[in-house]
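One structure is given below, encoded as C-alpha cells.
The structure displayed is predicted, hence computed values, not measured ones.
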Amino acid sequence: MHLLITNDDGIYAKGIRALAIALAQTQRHRVTVVAPDRQQSASSHSITLHKPLHAKSVALPHGIEGYAVNGTPADCVKLALGALCDEHPPDLVVSGVNHGANLGMDIVYSGTASAASEAVMHGIPAIAMSLIDEPFDFTASVHIALGLIDLFNYHKLPHDVYLNVNIPPGSRESLKGIRVTKTGIRKYRNAYEKRVDPLGRTYYWQAGQVVQIENEPDTDVYQVERGYVSVTPVHLHFTNSEMVDTLKSWPFQL
C-alpha cells in the first residue's frame with residue numbers, strides 16, 4: 001500500500017519517525033511523510049487560508065519521501081492529497097504516533113485526530129494513533145500500528161469512520177490486550193497562570209489538569225487506565241438523527 005504518515009507534533013518528533021522508519025523497513029509499503037514543520041498540538045481541524053503553504057523536502061532514513069509543511073495537520077493531509085501525492089494517492093493515512101493521549105473528547109481539540117478525519121473526508125481510510133504518557137518508548141506503538149495496517153488489506157471501514165487508537169505506556173509485554181471501545185468522558189479543570197513578561201505586559205499560561213471522572217467499562221478512558229489498548233471507531237456524521245423528528249414538531253417562525 002501507499003501510506004501517508006502525518007502528525008501534529010511535527011515532522012521531527014520521535015513518534016512519527018519511529019512509525020515511518022518501521023513501515024519502510026518492512027519493504028512492503030511505499031511511505032510518504034507530510035507533517036507540520038513545528039509543534040501543532042491542539043490545532044484541531046483548522047486550515048490555512050490567508051497565507052501561502054510551503055512544503056520543504058526533508059531527507060528521511062531509508063529513502064522515505066518527506067515534506068515539512070508550515071501549516072496544520074489538516075493542511076498537511078489536504079496538501080498531500082491535492083498536490084504532493086495527487087498522481088499516486090495514498091491507500092491509507094496514519095496520523096501519529098502522537099506524544100500524549102487523545103481520549104474521550106480530546107479528539108475535538110486534537111490535530112492528530114483531525115488529520116485522520118480530513119483523510120476520511122477525502123475518501124481515504126485513516127488511523128489516529130497516540131501513546132498515552134511518558135516515557136515515550138514507541139516500540140509497542142509501532143508494533144501495534146504495523147498490525148492494524150495489515151488488517152486494512154482484508155477489512156474496510158465505512159466511508160465516514162476512522163480509527164482512534166490509544167496505547168498505554170510501557171512495553172508490549174506489559175499491555176493487557178486490545179479493546180474495541182466507545183469515546184469516553186475526559187474533562188479538564190481550566191487553570192491559567194497569570195504572568196508578566198519582560199516588558200511589563202500581563203499574559204496567561206494555560207495549566208489545566210485532567211479531572212478524574214468515572215467512565216463506563218466500554219469506553220476508551222476506562223480501558224486505557226487498566227492497561228488495554230483502545231480502538232475506537234469515530235464517526236464523522238454530526239447530525240443527531242433522533243432529534244430530527246423532534247425538532248420538526250417545534251413551532252419555528254420566521
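Counting heavy atoms from C-beta outward, Asn98 and Asp8 have side chains that approach closer than 4.5 Å. Taking 4.5 Å as the limit, every side-chain heavy atom of Asn215 sits out of range of all side-chain heavy atoms of Glu225. A heavy-atom distance below 4.5 Å is not found between the side chains of Leu131 and Asp133. Considering only heavy atoms from C-beta on, Asp9 comes within 4.5 Å of Ser41 through its side chain. Under the 4.5 Å side-chain criterion, counting only non-hydrogen atoms from C-beta, Thr32 is not in contact with Leu84. Between Phe238 and Asn240, every side-chain heavy-atom pair lies at or beyond the 4.5 Å cut-off. Val69 is listed as a side-chain neighbour of Val34, based on a closest heavy-atom distance under 4.5 Å. His237 has its side chain within reach of Thr239: a pair of non-hydrogen atoms, C-beta onward, lies under 4.5 Å apart.
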Output, in order, the C-alpha distance, side-chain angles, deciding distance and verdict of side chain to side chain contact (heavy atoms under 4.5 Å, CB included) for Ile127 and Phe152. CA-CA 10 Å; Ile127 309 172; Phe152 277 80; 3.4 Å; yes
Derivation and outcome, side chain to side chain contact (heavy atoms under 4.5 Å, CB included), residues Thr183 and Thr219: CA-CA 6 Å; Thr183 301; Thr219 61; over 6 Å; no
Criterion side chain to side chain donor-acceptor pair (under 3.5 Å) on Asn7 and Ser95, from CA distance to verdict: CA-CA 5 Å; Asn7 72 346; Ser95 183; over 6 Å; no
Quick one, Tyr67 with Asp37, criterion side chain to side chain donor-acceptor pair (under 3.5 Å). Give me CA distance, side-chain angles, the key distance, then yes/no. CA-CA 8 Å; Tyr67 298 93; Asp37 62 1; over 6 Å; no
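Minimum interatomic distance between Ala74 and Ser46 (heavy atoms only, all atoms of both residues): CB-O, 3.7 Å. Nearest heavy atoms, Ile64 versus Ala20: CD1-O, 3.5 Å. The minimum heavy-atom distance between His54 and Asn70, with the atom names listed, is N-OD1, 2.5 Å. Summarising the geometry of Pro169 relative to Glu134, their closest heavy-atom pair is CB-O, 4.2 Å, with the distance given to 0.1 Å. Minimum heavy-atom separation, Ala113 to Ser110: N-OG, 2.9 Å. What you find for Tyr188 and Arg186 is that their closest heavy atoms are OH-NE, 3.0 Å.
The number of heavy atoms from other shown groups lying within 6.0 Å of CD (Glu216) does not exceed 12. Within 6.0 Å of atom CZ in Arg38, 12 or fewer heavy atoms from other residues, nucleotides or ligands are found, so the atom counts as exposed in its surroundings.
In this structure, Met129 is a member of the same hydrophobic cluster as Ile178, with clusters built from ILVMFWY side-chain heavy atoms closer than 4.5 Å. Criterion: ILVMFWY side-chain heavy atoms under 4.5 Å apart, direct or through other members. Under it, Val33 and Leu4 are not part of a common hydrophobic cluster.
Here the side chain of Asp75 pairs no donor or acceptor atom with the backbone of Ile47 at under 3.5 angstrom. With Ser114 contributing its side chain and Ser44 its backbone, the two residues share a donor-acceptor pair below 3.5 Å. Remark: side-chain polar atoms of Gln206 are not paired, donor with acceptor, to backbone N or O of Ala191 under 3.5 angstrom. The closest donor-acceptor contact from the side chain of His2 to the backbone of His88 lies under 3.5 Å.
Ring geometry for Trp205 versus Tyr203: interplanar angle over 60°, hence perpendicular rather than tilted (30 to 60°).
Results of the side-chain hydrogen bond (donor to acceptor under 3.5 Å, both in side chains) test with Thr181 over Thr232, Asp220, Asp218 single out Thr232 as the only residue that passes.
The aromatic ring centroids of Phe138 and His99 lie less than 6.0 Å from each other.
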